[in-house]
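Read through the structure below, which is laid out as structure tokens, and then see the notes.
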Amino acid sequence: MRRRRRRRRRTAGKVLLMVLSMLIISISMGAVAWIVIDRNDRSGEITGPVILAYAKKAEAVCQEAFSEQEREKAAALAEAQKEAEPEDTESEEMESQEPEVPKEPDTIPNAEDEEVDPDMAPKLRIVLDPGHGGPGLKDEQELGAIYRDTYEKYLTLEIAKAMKEELSQYGNVEIFMTRNTDRALTLKERAAYAESVGGDLLVSLHLNASLEHNFYGSEVFVSAFDHFYARGAGVGESILNQLTDYGFVSKGVKTRLGSKGADYYGIIRECKSLGIPALIVEHGYMDEDSDWARMNTTDALKALGRRDGAGLAAYYGLEKGKILSELPTIDETIPSSVVRPDTTPPEEVWYRKEQQGDGRWLITLHGVERESRVMYYDYSLDGGETYGSLKLWDKGDTIQFPMSLTGEEQLAFRVYNNYELRTEIGN
């Protein structure tokens with residue numbers, strides 16, 4: 001604001017000085033006119049007419065001089081305004097406009113949003129192992145479980161293909177399969193293949209069955225040792241979360257040891273010997289109706305594979321349709337000792353019955369499991385000759401439920417942990 005006023009005062013001063021200069025010049029020119037004009041008439045005397053003539057001549061000369069001065073004055077004023085206006089305009093703009101602040105972008109660029117060179121990005125190499133496979137002529141294990149006129153080996157292959165398709169939609173992962181067709185492979189050959197492709201993890205896909213055809217639920221088996229356990233258990237829990245959302249009951253992540261103290265399952269043991277973590281996913285039981293309903297069609301099997309893939313991707317922090325420049329850090333707790341399986345059935349098992357006012361009986365059933373957890377229970381009305389279907393155990397050590405009894409029944413109860421070990425009690 002001060003800058004603008006100083007410029008205006010300087011301009012006005014210039015104009016005033018110019019006007020005064022013109023006035024002095026005008027007076028001087030008038031005086032000169034009187035000097036230049038011949039003041040004498042022909043007689044040599046100064047007379048009134050001569051004075052009048054002199055005056056008119058001087059007026060004309062002065063008028064001409066003033067006209068020239070006015071033109072010069074107008075030109076000078078125009079030049080002065082021309083010089084002053086740009087400064088004035090600039091000052092006016094500086095006064096009226098606020099300082100321009102650079103606009104911030106709507107979003108701050110994120111390094112992860114930048115395009116990542118796929119060849120430079122870190123990658124996980126996941127090996128999928130469809131369980132079983134082969135003609136089964138010499139070894140029936142090649143067929144897997146056989147129920148409802150189908151073989152497990154076909155179902156696991158469908159699940160593996162769907163899992164591969166799901167994982168292929170995520171960045172930072174390469175997927176390999178131990179078999180793409182119905183062919184026989186030993187457990188050692190499967191592990192060797194995983195090593196040959198630089199596998200970071202092997203996932204062996206299976207379906208379950210039980211001798212009494214009464215169990216149901218999903219479970220995962222992993223190595224019992226150090227980081228092999230940590231990685232297998234982490235991925236396994238994430239997959240189980242997906243399967244329980246699909247409707248399966250989770251029997252948890254478990255270990256199993258052989259007589260010599262090594263991992264019991266061959267695929268886990270062979271992979272561990274080559275430095276590769278491995279896990280076995282038992283999706284559900286082919287011989288149990290509620291589980292079979294979630295695997296009895298091609299679409300159902302594909303749904304299982306997609307959930308397996310989504311669970312694995314979630315554990316590793318992979319993002320669908322995106323390549324990360326760095327893989328997220330995984331917080332894994334390495335066990336300080338061997339993670340041993342539960343080898344004992346539930347303890348302190350007892351029950352009592354109380355007759356209610358409506359004629360029914362209230363059953364209180366108790367069981368303690370310190371190494372794993374109580375999973376199921378069932379009961380018999382004929383002293384253990386026959387049992388009903390397995391029911392899920394609620395939380396805690398004690399559950400209650402009503403029963404309609406005549407008083408002539410011979411009650412017997414069985415309480416199971418999630419390792420399928422049980423304790424039986426009766427009258």
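The model shown is predicted, which means the values in this text are computed figures rather than measured ones.
- The pair K153-E142 fails the salt-bridge criterion, with no side-chain N (NZ, NE, NH1 or NH2) lying under 4.0 Å from an Asp/Glu carboxylate O.
- Remark: R190 does not engage E270 in a salt bridge, criterion side-chain N to carboxylate O under 4.0 Å.
- At least one side-chain heavy atom of L243 sits under 4.5 Å from a side-chain heavy atom of L304.
- For E369 and Y419, the side-chain atoms include no donor-acceptor pair closer than 3.5 Å.
- Rounding to the nearest 0.5 Å places CD of E174 at 9.5 Å from CG of L124.
- A salt bridge does not link E189 with R179: every distance from a Lys NZ or Arg NE/NH1/NH2 to an Asp or Glu carboxylate oxygen is 4.0 Å or more.
- No side-chain heavy atom of I126 sits less than 4.5 Å from a side-chain heavy atom of F176.
- Looking only at side-chain heavy atoms (C-beta outward), Y316 and N172 stay at 4.5 Å or farther from each other.
- Using a 4.5 Å heavy-atom cutoff, the side chains of N214 and Y416 are in contact.
- Salt bridge absent: E165 and K302 never bring a charged side-chain N and a carboxylate O closer than 4.0 Å.
- Atom CG of L207 is separated from atom CE of M295 by 5.0 Å, given to the nearest 0.5 angstrom.
- E166 has a carboxylate O that lies under 4.0 Å from a charged side-chain N of K320, or vice versa, which qualifies the two as a salt bridge.
- Two residues are said to be in side-chain contact when any heavy atoms from C-beta on lie closer than 4.5 Å; D308 and V203 fail this criterion.
- Salt bridge present: D289 and R148 bring a charged side-chain N and a carboxylate O closer than 4.0 Å.
- Using a 3.5 Å distance cut-off with no hydrogens or angles, the side chains of Y379 and E409 do not pair a donor with an acceptor.
- Counting all heavy atoms, side chain and backbone alike, A224 lies closest to Y229 at C-CB, 4.1 Å.
- Ion pair E212/R422 flagged as a salt bridge, since at least one NZ, NE, NH1 or NH2 atom sits closer than 4.0 Å to an Asp/Glu carboxylate oxygen.
- Remark: aromatic rings of Y351 and Y377 are distant, center separation not under 6.0 Å.
- Residues H206 and S204 bring a donor and an acceptor atom of their side chains to less than 3.5 Å of each other.
- In this structure, a donor-acceptor pair under 3.5 Å is absent between the side chains of T398 and Q400.
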* **Test log, rule salt bridge (charged side-chain N to carboxylate O under 4.0 Å, His left out), inputs R414 and E424** => CA-CA 4 Å; R414 295 187 298 192; E424 184 174 350; 5.2 Å; no
* To do: Kindly indicate, with the supporting measurements, whether the criterion side chain to side chain donor-acceptor pair (under 3.5 Å) is fulfilled by E371 and T344.
  => CA-CA 8 Å; E371 297 178 81; T344 59; 2.5 Å; yes
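- Under 4.0 Å is where a charged nitrogen must lie from a carboxylate oxygen, and between E354 and R352 at least one such pair does.
- Aromatic pair Y285/Y147: ring centres not closer than 6.0 Å.
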